[in-house]
There are 2 protein chains.
Amino acid sequence: MAHSHQHDLIDLRAKLRGKDHRITKPREEILDLLGKEEHPVTAKTIHEKLSESCDLVTVYRSLKMLESMDLVKRFDFGDNTARFELICPDDNGHHHHLICKECRTVVEIDECFDSNLESRIAKKHGFAEVTHQLEFFGLCSSCQTT
Amino acid sequence: MAHSHQHDLIDLRAKLRGKDHRITKPREEILDLLGKEEHPVTAKTIHEKLSESCDLVTVYRSLKMLESMDLVKRFDFGDNTARFELICPDDNGHHHHLICKECRTVVEIDECFDSNLESRIAKKHGFAEVTHQLEFFGLCSSCQTT
DNA sequence: GAATAAATGAAAAAGGCTTGCATATAGATT
DNA sequence: AATCTATATGCAAGCCTTTTTCATTTATTC
């Protein structure tokens, strides 16, 4: 899910302006990098890929901010490490992943269950603003033979 | 999802016997406690509820072992802390949760999407042994007014 | 009851993430 | 373009969850 850097910056400036949030070099670099990634990446990976041009702490702080602004989405692949992906206007950031338990290969999944399920669950329990986290895990074709 | 301790122990003995795994007091206590819990609990909580009768490390080790034996299932509620639940023969350990983002209330969800979705995804990408992790997040009725 | 393989406890460390504080910098104001 | 002020950064330290190491204890086998 690659994105145009141009687009990101427009979004960024528009979205941040009002909130007393600044456009800084680390934030631009992080967004730029996320735009080039195919799959969610960890803060550590971002830090390394940026050749440590900014502090790891700044990566964490930037990601947290970008997440709160709905520019970035957090994923959990079950290894105690958060991964982040740029929110893509196409799917509104809503898609899932299929992860190989063995080699950790990641495949993007566009399909999802019918949204009726979610609204039914929300209604049944009186919850509002219901979202979900869904990831699939299995063995990829290469790892099945092992 | 309470369970009979009796049942667990039978299962436990049967399952562990073959694998050179021993039935120890900490493991019995942990399983016993999990059988009484309504929702997934953290290792720390287990440790506390057992009045620290065994070391926290032992709790972690036991849970890992029990998980590998499919007696216990790990859940992730998005707060960097693993939670564990006894696998219930009724639903084969397969159910999900609805968690309040605000107060962290947990509701068990029995519904799930059609299993065709999963098999379709598995087939499409050549994956085997595909499972999924699905949790719902929202605002419970009490927290909506806040 | 002795042998032995596995489990435990205690201390330490690893790993992800956050916080406090002094310094630097973006963006507003002039 | 110089100044100002609030926000962001870097660095060090710390927190929290989880893992590792290793000596000791304990469950199971014979």
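Quick note: numbers below take in every heavy atom, side chains included, and nothing from hydrogens, waters or symmetry partners. Here is the naming used below: chain letters follow the sequence lines, and residue numbers restart at 1 for every chain. As the structure is a computational prediction, the values presented were derived from the model and not from experiment.
If you take CD on E28(B) and CG on L33(B), they are separated by 13.5 Å, rounding to the nearest 0.5 Å. The line from OG1 of T81(A) to NZ of K44(A) is 8.5 Å long, rounded to the nearest 0.5 Å.
In this structure, T58(A) contributes its side chain and C54(A) its backbone to no donor-acceptor pair below 3.5 Å.
Relative ring orientation between F77(B) and F75(B) is described as tilted, the plane-to-plane angle lying within the 30° to 60° band.
Here dT9(D) presents its P atom at 11 Å from CD of E29(A), a figure rounded to the nearest Å. In this entry the distance linking CZ of F77(A) with P of dG16(C) reads 16 Å, nearest Å. Here dA10(C) presents its C1' atom at 12 Å from NE2 of H47(B), a figure rounded to the nearest Å. One interatomic measurement links the two molecules: CE of M65(B) to P of dT20(D), which rounds to 17 Å at whole-angstrom precision. Atoms CZ (R61(B)) and C1' (dA6(C)) sit 11 Å apart, rounded to a whole Å. Rounded to an integer number of Å, the gap from CG of L31(B) to P of dA7(C) is 14 Å. Nucleotide dT9(D) holds its C1' atom 10 Å from the CZ atom of R27(A), rounded to whole Å. The nearest whole Å value for the distance from the CD1 atom in I23(B) to the C1' atom in dT26(D) is 14 Å.
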Report, one pair per line, the protein and nucleotides 16-18 of chain D atoms (nitrogen or oxygen only) whose separation is under 3.5 Å.
residue	atom	partner	partner atom	Å
dT18(D)	OP1	A82(B)	N	2.9
dT18(D)	OP2	Y60(B)	OH	2.6

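A salt bridge is absent between R74(B) and E85(B); no separation between the charged side-chain nitrogens and carboxylate oxygens falls under 4.0 Å. Between E67(A) and K73(A) there is no salt bridge, since no side-chain nitrogen of the basic residue lies less than 4.0 Å from a carboxylate oxygen of the acidic one.
E108(B) and H97(B) get closest at one heavy-atom pair: OE2-NE2, 3.6 Å. In plain terms, the two heavy atoms of G138(B) and F127(A) that are nearest each other are C-CD2, 3.8 Å.
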* Asked: Dot-bracket for DNA chain C, 5' to 3', counting Watson-Crick or G-U wobble pairs under 3.5 Å, with [ ] for crossing pairs and | for inter-strand pairs?
  -> ||||||||||||||||||||||||||||||
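A donor-acceptor contact under 3.5 Å is not formed by the side chain of R22(B) with the base of dT28(D).
Applying the side chain to side chain contact (heavy atoms under 4.5 Å, CB included) rule to H132(A) yields the partners H94(A), H96(A), C112(A), F113(A), E118(A), L134(A), L134(B), F136(B); only residues at least two apart in sequence or on another chain are considered.
Out of dA10(C), dA8(D), dC11(D), the shortest distance to the side chain of T24(A) is found at dA8(D).
Remark on DNA chain C: of its neighbouring residues K25(A) and D55(B), the 5'-side contact belongs to D55(B), judged by nearest-heavy-atom nucleotide. Of the residues near DNA chain D, V57(A) and S62(A), the one whose nearest nucleotide (by heavy atom distance) lies more toward the 5' end is S62(A).
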